[in-house]
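Notes follow the structure.
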Amino acid sequence: VEEKKNLETNNASVFILFPSHSFYLFPPSVSQRNSILSVFFLIYGKGMFGNEARRVVAWMNGCEGDPKLPIGSIETRTLTVVPSPSKAMERLSVAIRELKCSPLPLTSGILRLQVPIEEQIEAIEWLHAQHDNLPRCFFSGRRSRANGNGSNLLMDIGNENGDTSFTNNLVGVAGVGSAVFFQQLRPFSYHDWRSIKRFLSSECPLIRAYGAIHFDATANISPEWKAFGSFYFMVPQVEFDELEGSSMLAITIAWDNALSWTWDEAIHSLETTMQQIASVVVKLKKEASGESILRKTHVPNKTHWDLAVKKALQEINTSSSELVKVVLARSSRILTATNIDPIAWLASLQVEGEDAYQFCLQPPNGPAFVGNTPERLFHRKWLSISSEALAATRARGESRALDLQIEHDLLSSPKDHLEFTVVRENIQNKLESVCDRVVVEPKKTVRKLRRIQHLYAQLSGNLRREDDEFEILSSLHPTPAVCGLPKEAARLFISETEMFDRGMYAGPVGWFGGGESEFAVGIRSALVEKDSGALIYAGAGIVEGSNPSSEWDELELKTSQCTKLLQLEVPRQSKVENLEIIY
């Protein structure tokens, strides 16, 4: 039994934890999950482990419900403002005890209790203090922290005394545990989107489902991405919100008797998660982590990359081929002397790319998917929607004069203009299919990041109806910037050419809310695996005129923001023979 710590049959639902044992179960249905729980309690709770069976952590998979049946109640309650996270924990613990004594008389619902905190604390520092509590998530909007601009969401936080003095922008969100999660092995569908929206309401804007979707839902899922399924979303049980000038700690309880997940079970699961929450938050040093890189290998290597690019160019230049552009990617495995802390690494990436989305998603018993992406897929607020085209890449210049020269070369390059135009026009066509009017402004400019610069355009419009959100998500992803054009021809070429699973890399990553949703494109990202280092992903668009060596250099430039935060160092005395370092 001790050897079988991973028992997998279908969707993730249950952790059973003992002082020295951990069982992770994937039951295919709620009834089977509950049967397995009963057996474990019978055998281990009272049997060979005596009283060692001290806690059971389970979560509800919202995809197993009927999305046509409304939830009984969706509610947010704001409690009294407190000075510190520890006081917020005390206040929420009291509130949980009160809820146990006075349960809500409903068969389903979702309830969020939030406590404003006077002090501003970074959400990523709070998450780092929680160590390895899983599942966990982090998301911060693409605004410069130096300028103090957070999410577009402006909140009027009224407490139980009617005080509405806290009106703040949301900067970043961190969460652990899941009040409800959404996951399947099959592709993300309208049914799944409705299942998520069932637990959300515009009246409760901070009840959100954070997650990501596989780049290619038709592809086989490789072992390193198995814990994510085809998609994975979670509504955090315990959430820390970083606001401008203040913070907030919240808990969320979700239950649905139809899913065999009662109010009492949801409260018990929350209490178990709360026992693991740390109140002391330590300031993180946002600098290179200092791990020694023992080995760095690429799939494909340079030789096979050149062959793949030449094959793509041959296909593009064939008169009978419809392929105009294809984006080829590379997976680089970094093996380090010690485990990489994904949260500390992500904190360092915040300094590298302030004008970018930062995210972390880690399901139970899985690796952490982290990233620092500059590219928005779409942002929706009510019926208003915006997207953008981002393509073609150049390095930043070491001087202002050189930087301007590089910018001029980027704007005047026929090859880069073609690559960019393909992306912009495709996104515009997708928006026009569900919007009354689409505005493109600016049509073409340069967007400068810390290390690189891209051609950029912004597009906006108004959806005809809210349900078009699923349609726009399905049609926009994957964009020509990460897949190619035509989409299906490019996807097929990628599946036949690439020798690794992209997983959530280049897929949609973000959150669904009641009246607002936002998704980025999961590029400039990595998969951090315990005891296995990290997989760093990057891609390059191949169009007529592309050069294999130049595109390889572009991959190196894009991954530099991640690798420069680790120290490339080979130990003087290494027992590893034929150590391969590929720069």
Side-chain angles (χ1 to χ4, degrees), residues 62 71 73-82 85 88-89 91-92 95-96 99 109-118 120-124 126-127 135-141 143 149-160 163-182 196-211 233-254 266 270 273-274 277 357-361 379-382 469 510-519:
I71 287 292
S73 173
I74 303 176
E75 181 183 359
T76 296
R77 300 177 187 175
T78 304
L79 308 182
T80 308
V81 178
V82 297
M89 281 290 292
R91 184 68 188 88
L92 289 172
I96 291 172
L99 288 172
I110 185 166
L111 171 64
R112 174 184 166 103
L113 301 182
Q114 56 191 28
V115 179
I117 301 170
E118 294 173 350
Q120 180 174 357
I121 298 169
E122 290 194 28
I124 200 164
W126 178 86
L127 186 59
R136 59 183 172 182
C137 64
F138 174 84
F139 191 86
S140 66
R143 297 288 185 90
N149 295 322
S151 166
N152 293 324
L153 181 60
L154 188 69
M155 297 179 300
D156 296 311
I157 305 172
N159 64 29
E160 55 197 352
D163 180 14
T164 58
S165 59
F166 274 71
T167 303
N168 305 74
N169 277 325
L170 185 62
V171 177
V173 174
V176 297
S178 62
V180 54
F181 76 96
F182 307 88
I196 294 174
K197 300 292 284 188
R198 179 172 178 248
F199 287 86
L200 308 177
S201 168
S202 59
E203 299 297 319
C204 302
L206 288 183
I207 298 180
R208 298 170 169 181
Y210 296 89
F233 287 88
M234 58 179 281
V235 177
Q237 273 183 318
V238 183
E239 179 179 307
F240 191 90
D241 299 330
E242 178 188 349
L243 312 173
E244 290 181 7
S246 63
S247 308
M248 186 158 59
L249 187 66
I251 56 173
T252 300
I253 307 153
L270 174 60
T273 301
M274 286 287 283
I277 298 299
Y357 296 96
Q358 281 87 34
F359 62 85
C360 173
L361 184 67
H379 172 255
R380 178 192 67 85
K381 189 166 187 179
W382 308 117
E469 177 182 73
W511 52 271
F512 289 111
E516 185 176 11
S517 301
E518 185 166 23
F519 280 84

Practice task
May I have the step-by-step check of side chain to side chain contact (heavy atoms under 4.5 Å, CB included) for F240 and I124, ending in yes or no?
Solution key: CA-CA 9 Å; F240 191 90; I124 200 164; over 6 Å; no
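- Judged by distance alone, the side chain of R136 and the main-chain N or O of F138 form no donor-acceptor pair under 3.5 Å.
- We find the CD-CZ distance between Q114 and R91 to be 12.5 Å, quoted to the nearest 0.5 Å.
- Judged by distance alone, the side chain of E239 and the main-chain N or O of V176 form no donor-acceptor pair under 3.5 Å.
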Exercise for the section: I would like to know whether L113 and L111 meet side chain to side chain contact (heavy atoms under 4.5 Å, CB included); could you show each step before the answer? Expected result: CA-CA 7 Å; L113 301 182; L111 171 64; 4.2 Å; yes
Exercise for the section: Determine, step by step, whether Q120 and S246 satisfy the side chain to side chain donor-acceptor pair (under 3.5 Å) criterion, reporting the C-alpha distance in whole Å, the side-chain angles of both residues, the deciding distance to 0.1 Å, and the verdict. Expected result: CA-CA 4 Å; Q120 180 174 357; S246 63; over 6 Å; no
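- When all heavy atoms of P85 and L249 are compared, the closest pair comes out as O-CD2, 4.3 Å.
- In this structure, OG in S202 is found 11.5 Å from NZ in K381, a value given to the nearest 0.5 Å.
- Contact annotation: the side chain of I117 never approaches that of M248 to less than 4.5 Å [non-hydrogen atoms, C-beta and beyond].
- Ring geometry for F512 against F233 counts as tilted: the plane angle lies between 30° and 60°, on a 0 to 90° scale.
- With a 4.5 Å cut-off on side-chain heavy atoms, Y210 and V173 count as touching.
- By the 4.5 Å heavy-atom criterion applied to side chains, L99 and I253 are counted as neighbours.
- Residue I121 comes nearest to S247 through the heavy atom pair N-OG, 2.7 Å, listed as atom of the first residue, atom of the second, then distance.
- Between V171 and N169 there is no side-chain heavy-atom pair separated by less than 4.5 Å.
- The side-chain heavy atoms of F139 and C360, taken from C-beta on, include no pair separated by under 4.5 Å.
- Taking both residues in full, the closest heavy atoms of F199 and G62 are given as CE1-CA, 4.3 Å, listed atom of the first, atom of the second, then distance.
- Residue L170 holds its CG atom at 5.5 Å from CG of D241, rounded to the nearest 0.5 Å.
- Heavy-atom minimum distance, I74 versus L200: CD1-O, 3.5 Å.
- Put simply, CD1 on I251 and CG on L79 are 8.0 Å apart, with the number rounded to the nearest 0.5 Å.
- The side-chain heavy atoms of S140 and Y357, taken from C-beta on, include no pair separated by under 4.5 Å.
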Practice task
List the steps and the verdict of side chain to side chain contact (heavy atoms under 4.5 Å, CB included) for L270 and T252.
Solution key: CA-CA 8 Å; L270 174 60; T252 300; over 6 Å; no
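- The nearest pair of heavy atoms linking S178 to M234 is CB-CB, 4.0 Å.
- Separation of atoms CD1 (I196) and CZ (R208) is listed at 14.0 Å; rounding is to 0.5 Å.
- Side-chain contact between F181 and P135 is absent, with no heavy-atom pair separated by less than 4.5 Å.
- Contact detail for E242 and E122: the closest heavy-atom pair is OE1-CA, 3.3 Å.
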Problem - Chi angles and distances behind the side chain to side chain contact (heavy atoms under 4.5 Å, CB included) call for M89, I277 - result: CA-CA 9 Å; M89 281 290 292; I277 298 299; 3.7 Å; yes
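- Remark: the backbone N or O of E203 is paired with a side-chain donor or acceptor of S201 at under 3.5 angstrom.
- A 4.5 Å side-chain heavy-atom check between R112 and L206 finds at least one atom pair inside the cut-off.
- No side-chain donor-acceptor contact under 3.5 Å links Q237 to the backbone of G177.
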